[in-house]
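To keep things clear, I will list the structure first and then write my remarks on it.
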Amino acid sequence: MSAIPGPRAPRPRLGIVGGGQLARMTAESADALGVDVAVLAQPGDDATRGQVTDRTVVERLGPAVLQAFARCCDVVTFDHEKVRPGDVAALERAGHVVRPGLVAFTMAADKSVQRRRLDALGLPVPEFLVTDDAGAARRFAEAHGGRAVVKAARGGYDGRGVVRADRPSAAAAAAATMLRRRGTEVVVEPWLAIERELAVLVARRPGGQLVTYPVVETRQDETAICREVVAPAAIDARTAEDARRLAADVAAAVDAVGILAVELFVVDGTVVVNELAARPHNTGHLTIEACATSQFANHVRGVLDLPLGPTDLVVPAAAMANVIARGTTDPAAVDVERLVGPGGDPVVVHGYGKQARPGRKIGHVTALATDRDAARRRAVAVARGIEAATRPPAPAPAPGPAPTPAALAS
Ligand SMILES: Nc1ncnc2c1ncn2[C@@H]1O[C@H](COP(=O)(O)OP(=O)(O)O)[C@@H](O)[C@H]1O
Ligand SMILES: [Mg+2]
């Protein structure tokens, strides 16, 4: 473990717990705003390696380490939800400024707390059941046409921890596995016919001032991981207005500070809240190039209680595609010029400096254009080209004829 950062600098120092790409991009914005950043990373958090000077690496994010880190920072914020809510509460009790605070953090960290609370607040959410009983998950699926979506309450992200079960026994099995592995409750929902998935980012200051970003549309792949985000969403003005108002209501209700990402489903023409993240979010990466103020800049502004910047789109349309490694080859040598082609609208490639591993998100591509389909096509083409360069493992050679017992004996 390297040393906890030294005494406070004269510039405000923002402490980020977690050293992934969100911390990396937040640090870039903080620097531009004259704010120092200290990162408390864990060994696998390579996106901030060599990027953030004030970086401490610890094996475990235990309470003593968090307290020592917080003492060296003016404000503490997070790039993930892996800290125990009890430890966040202890930081607050010790007088540290933690943003988001305990309520928003706990909700974002636990899908069961989140669903119950949003429902209790009267905010629209899909029908759901919170349970620690796999049999109840089976019965829920039986009562909903035999299908259900089962979600681990804690520890899931990017579709890990979400299982779409196409029969009651699969729902029960998924619930049993999650309950055994993670020791928490599960959230069970009907397998919805989702018309669109939307997201709205809200940036909010401690006193309640807030701004909402234009509604974006997200697309997930068959493993439920976000692949593409397009702005503005192809929805009518009323739906957009409803979505932004709903997100602002959620942010106020959970006392969010900094960025709150509100994932929404459109089901039967109605907007409902799927889930929340109380930090910068993958659905907001395109704000770096496409909006007047990026989500990272407004996160820094919100948590430091500085005036928030405008959120308007500065281009007619933008799209972001995630780069998910297929193999372990470093894609740095990809000829992006060739993928992008000559001339045309801007395409920006963001690499996170992460070691490529199959299934790992190692970067994203943002394309700006005059229409959303053109932006989407270009972002996706470049992202897929980079993914291909990470090279999947070669397919196993076709099996030859089975050896005879005599051959095995020789
Ligand atoms: N009830 C549901 N019905 C159908 N698809 C769902 C449902 N819930 C989630 N999904 C799909 O799975 C994705 C991931 O689920 P989500 O709850 O957002 O978990 P994560 O924390 O992994 O993002 C969603 O974006 C959506 O595509
Ligand atoms: Mg999600």
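Just so you know, ligand 1 is whichever comes first in the structure, and atom 1 is the first atom listed for that ligand. We're numbering straight along the sequence, starting at 1.
Ion pairing of Asp221 with Arg227 is present here, as a side-chain N (NZ or NE/NH1/NH2) and a carboxylate O approach within less than 4.0 Å. A salt bridge is defined here as a Lys NZ or Arg NE, NH1 or NH2 lying under 4.0 Å from an Asp or Glu carboxylate O, and Asp119 with Arg116 fails to meet this definition. Salt bridge absent: Asp45 and Arg24 never bring a charged side-chain N and a carboxylate O closer than 4.0 Å. Between Arg279 and Glu81 a salt bridge is recorded (basic side-chain N to carboxylate O distance below 4.0 Å). Taking the charged nitrogens against the carboxylate oxygens, Asp305 and Arg99 have no contact shorter than 4.0 Å, which rules out a salt bridge.
Close contacts of ligand 1 with Ala224, meaning ligand atoms under 4.0 Å from a residue heavy atom, involve 12 (O), 13 (C), 14 (C). Residue Lys111 has at least one heavy-atom neighbour below 4.0 Å for each of these atoms of ligand 1: 17 (O), 19 (O), 20 (P), 21 (O). Every atom of ligand 1 is numbered from 1 in the order shown, and the set under 4.0 Å from a heavy atom of Glu197 is 24 (C), 25 (O), 26 (C), 27 (O). Each of the following atoms of ligand 1 lies closer than 4.0 Å to a heavy atom of Pro190: 1 (N), 2 (C), 3 (N). Listed by number with element, the atoms of ligand 1 under 4.0 Å from a non-hydrogen atom of Glu263 are 18 (O). Per-residue contacts place Trp191 under 4.0 angstrom from the following atoms of ligand 1 (heavy atoms of the residue considered): 3 (N), 4 (C). Near Ile194, the atoms of ligand 1 lying under 4.0 angstrom from a non-hydrogen atom of the residue are 4 (C), 5 (N), 6 (C).
Between Phe265 and ligand 1, no N or O atom pair is found at a separation short of 3.5 Å. No N or O atom of Val162 sits closer than 3.5 Å to an N or O atom of ligand 1. Backbone and side-chain nitrogen or oxygen atoms of Glu189 are examined, and one is located within less than 3.5 angstrom of a nitrogen or oxygen of ligand 1.
The minimum distance between the Mg ion (ligand 2) and any N, O or S atom of Glu263 involves atom OE1. Closest to the Mg ion (ligand 2) among the N, O or S atoms of Glu275 is OE2.
Under the 3.5 Å distance criterion, the side-chain polar atoms of Arg164 are matched with a main-chain donor or acceptor of Glu222. The backbone N or O of Cys226 lies less than 3.5 Å from a partner atom in the side chain of Asn322, making a donor-acceptor pair.
With His144, Glu222, Arg164 as candidates, the residue nearest to atom 11 (C) of ligand 1 on a non-hydrogen basis is Arg164.
Other residues, nucleotides and ligands place more than 12 heavy atoms under 6.0 Å from the CG atom of Asp335. Under a cut-off of 6.0 angstrom, the local environment of CZ in Arg84 is sparse, with at most 12 non-hydrogen atoms contributed by other residues, nucleotides or ligands.
Counting heavy atoms closer than 4.0 Å to ligand 1, residue Thr218 contributes nothing at all.
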